Each structure stands twice: as structure tokens, then as C-alpha cells.
Amino acid sequence: MYWVFKTEPTECSIADIAAAGSNGVIWEGVRNYQARNFLRDQVKTGDMVLIHHSSCDVVGIAGVATIIAEAFTDPSQFVAENPYYDPKSSADKAPWVAVRVGFVRQFPQVLSMADLRAIAGLADMQLLKKGNRLSIMPATNAEFDLVLLAAKA
DNA sequence: GCCAACGTTGGC
DNA sequence: GCCAACGTTGGC
């Protein structure tokens with residue numbers, strides 16, 4: 001399948017994923033049930049992921065990653081010092097999962113929201129829907145291809 | 001920093 | 001289980 005993952009580049013940018021090498025990075029801290037359900041139930045090894053930079057200078061899709069390890073228990077939920085700590089999580093009740101993502105490519109330029117909205121075939125893309133706050137969301141194969149085409153990547 | 005949209009919480 | 005109040009997200 002195809003996905004869009006949102007990230008604040010100050011936390012984990014496409015360049016950070018590139019720098020992580022073949023082990024990739026752990027994608028943790030998802031604390032929304034709808035996003036968690038995608039991550040736990042549908043995100044599979046080998047799936048392709050559009051990496052979206054949010055809350056930053058140039059908001060938009062910055063590159064592509066792939067899933068190299070599918071859902072496992074998110075360790076950050078147990079760590080009191082961690083910003084993603086969940087005091088309600090315990091060994092026998094740990095609702096949150098993480099995956100591991102590996103670098104595929106970084107776009108020469110970030111495809112901004114305006115760039116994306118200008119692509120006719122992306123009119124229904126979930127990422128572009130008003131009020132969308134999901135940090136993990138599916139994309140279609142067609143949307144994925146259009147984004148790569150527009151990125152000249 | 002504004003604010004729309006949405007999620008979560010908690011009193012009842 | 002309803003729903004008002006509150007918190008958070010995230011584009012602009």
C-alpha cells in the first residue's frame with residue numbers, strides 16, 4: 001500500500017531518514033487511535049511512504065521512504081522522560097505501536113501544499129482535505145505516482 | 001499567532 | 001451515553 005506520514009522536520013526530516021542509513025528510523029509517538037489503527041493493522045513491510053513535512057518553513061512532501069519493519073510495541077510509551085510517555089500504558093496494556101522506515105529518496109525540492117493543490121489528479125487526496133489532522137493516512141497508487149512525477153524524482 | 005477542525009475528557 | 005468544555009493540530 002501507499003501512505004503519507006507527517007513529521008515535523010525538526011523532529012525527523014527526510015534528511016534525517018537519509019542519514020540513518022539501512023537501519024532506518026523508528027517511527028514512534030503516534031498517539032491518535034485512527035492513525036494507530038492504520039499503523040497496527042495495515043502498514044506492511046515494503047509499503048511506500050510519502051514523507052510530509054508539517055509545521056515548518058515549507059510545508060509539503062519532501063521525499064519517499066519505505067516500511068522496513070511493521071508494527072511493534074512503541075517503546076516510548078513506557079519512558080517517563082519521553083515526550084510521548086503515556087502513563088496509562090503498561091506491559092499488558094500497551095496501545096501504541098511503532099514501525100521502522102527506511103530512506104528511498106529525497107525530492108530535489110519540497111512539493112509544497114500549493115504545488116500539490118495545483119495537480120489535478122490530487123483533488124481528492126486525503127492530505128489536502130481541509131481540517132485533516134491524521135499523521136498516518138493512506139494514499140492511492142495513482143496519487144503516489146502523480147507526486148513522484150511532479151517531484152521529478 | 002490566529003483559528004478551524006477535530007479529538008478527548010469528564011460531569012451528569 | 002450525551003455533550004459542553006477544553007486541548008491539540010497544523011495550515012496559513
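This structure is a prediction, so every number in the text was calculated from the model and none was measured. Numbered from 1 within each chain, the chains take letters A, B, ... in sequence-line order. Side chains are part of it too, since the values below use all heavy atoms of this structure and drop only hydrogens, waters and symmetry mates.
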Check: Do the side chains of A/Leu50 and A/Tyr2 get nearer than 4.5 Å, heavy atoms only?
Finding: no
Notebook entry, point to check: For A/Arg117, which contact category applies under a 4.0 Å heavy-atom criterion: base, sugar-phosphate, or nothing?
Noted result: sugar-phosphate
Check: Given side chains that start at C-beta, do those of A/Phe72 and A/Ile26 come closer than 4.5 Å, heavy atoms only?
Finding: yes
Next item on the list: Can you tell me which residue pairs pass the ring-ring contact (aromatic ring centres under 6.0 Å, His included) test with a partner in residues 19-40 of chain A, sequence neighbours excluded?
Entry: A/Trp3-A/Phe38, A/Phe5-A/Trp27, A/Tyr33-A/Trp96
Margin query: Mind checking if A/His52 touches a base, just sugar-phosphate, or nothing, with heavy atoms under 4.0 Å?
Written below: sugar-phosphate
Next item on the list: Please list all pairs passing the side chain to side chain donor-acceptor pair (under 3.5 Å) test where one or both residues lie in residues 50-72 of chain A, with sequence neighbours left out.
Entry: A/Thr45-A/Glu70
Next item on the list: With heavy atoms under 4.0 Å as the rule, sort A/Gln34 into base, sugar-phosphate or nothing.
Entry: sugar-phosphate
Notebook entry, point to check: Roughly, in whole Å, what's the span from CD in A/Glu8 to C1' in C/dG11?
Noted result: 12 Å
Identify the pairs formed between an N or O of the protein and an N or O of nucleotides 2-9 of chain C at a distance under 3.5 Å, and give each distance.
residue	atom	partner	partner atom	Å
C/dT8	O2	A/Arg133	NH1	2.7

Next item on the list: To the nearest 0.5 Å, tell me how far A/Glu28 CD sits from A/Asn82 CG.
Entry: 6.0 Å
Next item on the list: Evaluate the side-chain proximity of A/Gln106 to A/Ser13: yes if any heavy-atom separation is below 4.5 Å, no if none is.
Entry: no
Margin query: Between C1' on B/dG10 and NZ on A/Lys88, what's the gap in Å once rounded to a whole number?
Written below: 12 Å
